[in-house]
Trainee: 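Okay, handing you the structure first.
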Amino acid sequence: MYQLPEETPTVIHLPPSFPSTGLGDDAAFELLGVPALQQAADLAAPDALAHMDPPSAPVAARMAFLVAQANQNMLHPATSPFATEAERIVLDWITPYFGMAWGQFCSGSSLANLTALWAAREAGARRVVASADAHVSVPKAANILGLAYHPVPVDEHGRLIRAELPDLADAALVLTAGTTGRGVIDALSPIAAKWLHVDAAWAGPMQFTRAAPRLAGIEAADSIAISAHKWFFQPKGAALALFRDEATRDFITFKTSYLARPNVGVEGTRSAAALPLLATLLAWGQDGLAERIERCIAVADVLGQRLAEDPRTELKQMPETGVLNWRPVAGGVEKTIAALSGTSSAFTIKDTLWVRQVSANPYADVESIWQRIVATLI
Ligand SMILES: Cc1ncc(COP(=O)(O)O)c(C=O)c1O
């Protein structure tokens with residue numbers, strides 16, 4: 001794994017505008033390379049637990065460097081014969097575990113959700129229904145696709161209330177497996193809708209762990225979004241849109257004379273993001289992937305237990321997918337979040353601010369994080 005340099009961050013002195021004469025490769029790299037990394041959060045630090053941003057798998061980071069050097073375009077298989085094959089292999093390996101028939105790489109789950117809801121619209125969905133805690137990419141996708149959007153209230157834990165669902169005969173229902181704010185999994189049991197999409201951007205890879213029963217029912221979906229740059233530990237720019245029915249591919253495929261093969265999905269040019277993912281799956285195997293995700297889940301569970309038992313803190317609910325929401329009983333939440341910089345973020349539930357911590361870091365150490373939490377408590 002890349003180790004961030006320990007020295008005090010170097011100040012980066014940049015020219016005030018686009019220079020007419022370049023500095024040269026070495027000087028530009030020296031100016032930006034290490035200093036820019038020094039000023040990045042260390043997502044692998046023992047106390048890093050703030051966002052849904054894991055450190056990249058070391059082998060993925062190495063592969064990503066080669067991918068950037070070769071700069072293949074997945075739109076043109078002639079530039080990327082093996083990378084094209086790698087996409088197929090990764091999808092062939094992953095899709096069956098979700099009961100899906102085919103899949104498409106996307107640059108993120110906002111795009112995976114849009115891609116899936118585009119297919120839903122082509123299948124006849126006229127509106128999008130999702131919980132009030134669905135990710136912002138879901139109403140955004142509805143807006144882009146010209147579909148009405150209907151948010152459904154959530155219960156006290158943040159789970160979509162099924163009794164509040166409208167008639168779904170002409171709707172794409174979006175259920176979330178691991179909500180962004182609370183990490184909650186909506187009930188995934190079968191439901192009649194024009195289209196069922198599961199946004200499993202965060203919790204999807206749990207399917208390879210001992211916690212897989214929490215995703216029971218996901219295979220009934222028409223489509224699923226999964227971020228590879230979350231719990232598959234990939235560099236940014238990698239997600240999957242998976243589909244149950246092979247025929248849906250035609251809904252989102254366009255042909256044109258200048259392309260050797262049809263363009264599937266929203267994006268045109270895409271990078272060979274499958275190569276770092278394939279390398280990771282090979283390096284770790286299912287056991288290695290499961291072990292890392294289970295470590296993340298365990299860190300959140302232990303912290304959740306301590307926060308629930310400590311009289312100085314209030315835990316909103318036990319974490320379901322490694323996401324914690326808690327508050328100090330005394331002292332301001334804003335102050336606590338500021339003091340826990342790098343190990344916490346914020347989430348508001350019904351006008352009340354909570355400390356949010358997301359266990360995306362397999363190198364996290366419970367004691368380091370607990371010490372930081374305790375240091376903020378009165
Ligand atoms: C539940 C959920 N869906 C979708 C997304 C969007 O993913 P991306 O940021 O990769 O576009 C996120 C991002 O955090 C998410 O938490």
Side-chain angles (χ1 to χ4, degrees), residues 47-54 130-136 138 151-164 174-188 199-203 206 211 213-215 230-231 293-361 364 366-378:
D47 59 354
L49 212 73
H51 299 283
M52 288 180 165
D53 289 317
S131 96
D133 274 10
H135 188 262
V136 67
V138 177
V152 176
V154 295
D155 65 16
E156 60 175 308
H157 298 298
R159 223 179 302 279
L160 178 142
I161 303 175
R162 283 218 171 188
E164 300 275 351
V174 179
L175 299 175
T176 308
T179 53
T180 315
R182 290 197 242 184
V184 157
I185 302 173
D186 286 333
L188 300 177
D199 177 358
W202 170 241
M206 243 169 52
R214 294 181 201 171
L215 297 178
K230 293 190 167 74
W231 260 349
I293 298 172
E294 284 167 8
R295 222 185 297 159
C296 291
I297 293 173
V299 164
D301 287 350
V302 172
L303 288 171
Q305 203 63 49
R306 291 190 188 178
L307 289 160
E309 284 165 8
D310 197 302
R312 296 167 296 178
T313 54
E314 178 191 355
L315 181 74
K316 180 76 182 113
Q317 60 208 48
M318 274 308 283
E320 205 170 350
T321 65
V323 181
L324 291 159
N325 302 111
W326 61 274
R327 293 160 52 80
V329 168
V333 186
E334 283 101 338
K335 235 173 67 193
T336 307
I337 291 168
L340 290 175
S341 152
T343 197
S344 84
S345 46
F347 185 57
T348 302
I349 304 169
K350 286 194 179 155
D351 297 331
T352 301
L353 187 64
W354 294 81
V355 179
R356 170 178 174 264
Q357 291 182 299
V358 182
S359 199
N361 170 16
V366 169
E367 299 311 329
S368 305
I369 298 159
W370 185 245
Q371 273 169 25
R372 287 203 53 193
I373 290 174
V374 167
T376 70
L377 300 176
I378 297 165

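Values below: every heavy atom of this structure, side chains too, minus hydrogens, waters and symmetry copies. Everything numeric here is computed off the predicted structure, so don't read it as measured data.
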Trainee: Measure across Val323 and Gly183 and return the closest heavy-atom pair with its distance rounded to 0.1 Å.
Mentor: CG2-CA, 3.7 Å

Trainee: Flag the pair Lys230 / Asp53 as yes when at least one side-chain heavy-atom distance between them is below 4.5 Å, and no otherwise.
Mentor: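 Side-chain contact under 4.5 Å: no.
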
Trainee: Just to verify, what does Asp155 make a salt bridge (Lys or Arg N to Asp or Glu O under 4.0 Å) with, not counting sequence neighbours?
Mentor: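 Partners of Asp155 under the salt bridge (Lys or Arg N to Asp or Glu O under 4.0 Å) test: none.
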
Trainee: Does the side chain of Ser345 come under 3.5 Å of the side chain of Arg356 through a donor N or O and an acceptor N or O?
Mentor: yes

Trainee: Backbone N or O of Cys296 within a donor-acceptor pair of the Ser359 side chain at under 3.5 Å?
Mentor: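 Yes.
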
Trainee: Test of understanding: with side-chain contact (heavy atoms from CB on, under 4.5 Å), list the residues that count as partners of Asp310, not counting sequence neighbours.
Mentor: Arg312, Thr313, Trp370

Trainee: What residues, two or more places apart in sequence or in another chain, satisfy side-chain contact (heavy atoms from CB on, under 4.5 Å) together with Pro151?
Mentor: Tyr149

Trainee: Test of understanding: with salt bridge (Lys or Arg N to Asp or Glu O under 4.0 Å), list the residues that count as partners of Arg162, not counting sequence neighbours.
Mentor: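 Arg162 satisfies salt bridge (Lys or Arg N to Asp or Glu O under 4.0 Å) with no residue once adjacent residues are dropped.
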
Trainee: With sequence neighbours excluded, tell me which residues meet ring pair (Phe, Tyr, Trp, His ring centres under 6.0 Å) with Trp326.
Mentor: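 Trp326: no ring pair (Phe, Tyr, Trp, His ring centres under 6.0 Å) contacts found.
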
Trainee: May I ask you to test the Thr176-Val184 pair for a side-chain heavy-atom distance under 4.5 Å?
Mentor: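 Side-chain contact under 4.5 Å: no.
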
Trainee: If we count only N and O atoms by modelled type, under 3.5 Å, do the side chains of Thr321 and Trp202 hold a donor and an acceptor together?
Mentor: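 There is such a pair between these side chains.
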
Trainee: For Ser368, which residues count as a side-chain contact (heavy atoms from CB on, under 4.5 Å) partner, sequence neighbours excluded?
Mentor: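 Ser368 satisfies side-chain contact (heavy atoms from CB on, under 4.5 Å) with Pro46, Asp47, Asp365 only.
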
Trainee: Roughly how far, to the nearest 0.5 Å, is CE of Met52 from OG1 of Thr180?
Mentor: 5.0 Å

Trainee: Using only atom types and a distance under 3.5 Å, with no angle test, would you say the side chain of Thr376 pairs donor to acceptor with the backbone of Ile373?
Mentor: yes

Trainee: Rounded to the nearest 0.5 Å, what separation is found between the CE atom of Met206 and the CG atom of Leu215?
Mentor: 4.5 Å

Trainee: Which residues pass the side chain to side chain donor-acceptor pair (under 3.5 Å) test with His51, sequence neighbours left out?
Mentor: none

Trainee: Short question: side chain of Asn361, backbone of Ala48 - any donor-acceptor pair under 3.5 Å?
Mentor: yes

Trainee: Just grab all the salt bridge (charged side-chain N to carboxylate O under 4.0 Å, His left out) pairs involving residues 318-344, residues at least two apart or on different chains.
Mentor: Arg159-Glu320, Glu314-Arg327

Trainee: Taking side chain to side chain donor-acceptor pair (under 3.5 Å) as the definition, give me every residue that meets it alongside Asp133, ordered by chain and number, with sequence neighbours left out.
Mentor: none

Trainee: Counting only N and O atoms by type, is there a donor-acceptor contact under 3.5 Å from the side chain of Gln357 to the main-chain atoms of Leu324?
Mentor: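 Side chain of Gln357 to backbone of Leu324, a donor-acceptor pair under 3.5 Å: no, none is there.
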
Trainee: Using atom types as modelled, flag every donor-acceptor pair under 3.5 Å from a side chain in residues 299-309 to any protein atom, sequence neighbours excluded.
Mentor:
| residue | atom | partner | partner atom | Å |
| --- | --- | --- | --- | --- |
| Gln305 | NE2 | Glu309 | OE2 | 3.3 |
| Arg306 | NH1 | Glu367 | OE1 | 3.2 |
| Arg306 | NH2 | Glu367 | OE2 | 2.8 |

Trainee: Which salt bridge (charged side-chain N to carboxylate O under 4.0 Å, His left out) pairs, counting each pair once, include a residue from residues 340-350, with sequence neighbours left out?
Mentor: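 Every pair satisfying salt bridge (charged side-chain N to carboxylate O under 4.0 Å, His left out) with a residue in residues 340-350: there are none.
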
Trainee: Side chains of Leu175 and Asp199: does their closest heavy-atom pair fall under 4.5 Å?
Mentor: no

Trainee: Tell me every residue that passes side-chain contact (heavy atoms from CB on, under 4.5 Å) with Ser341, counting only those two or more places apart in sequence or in another chain.
Mentor: none

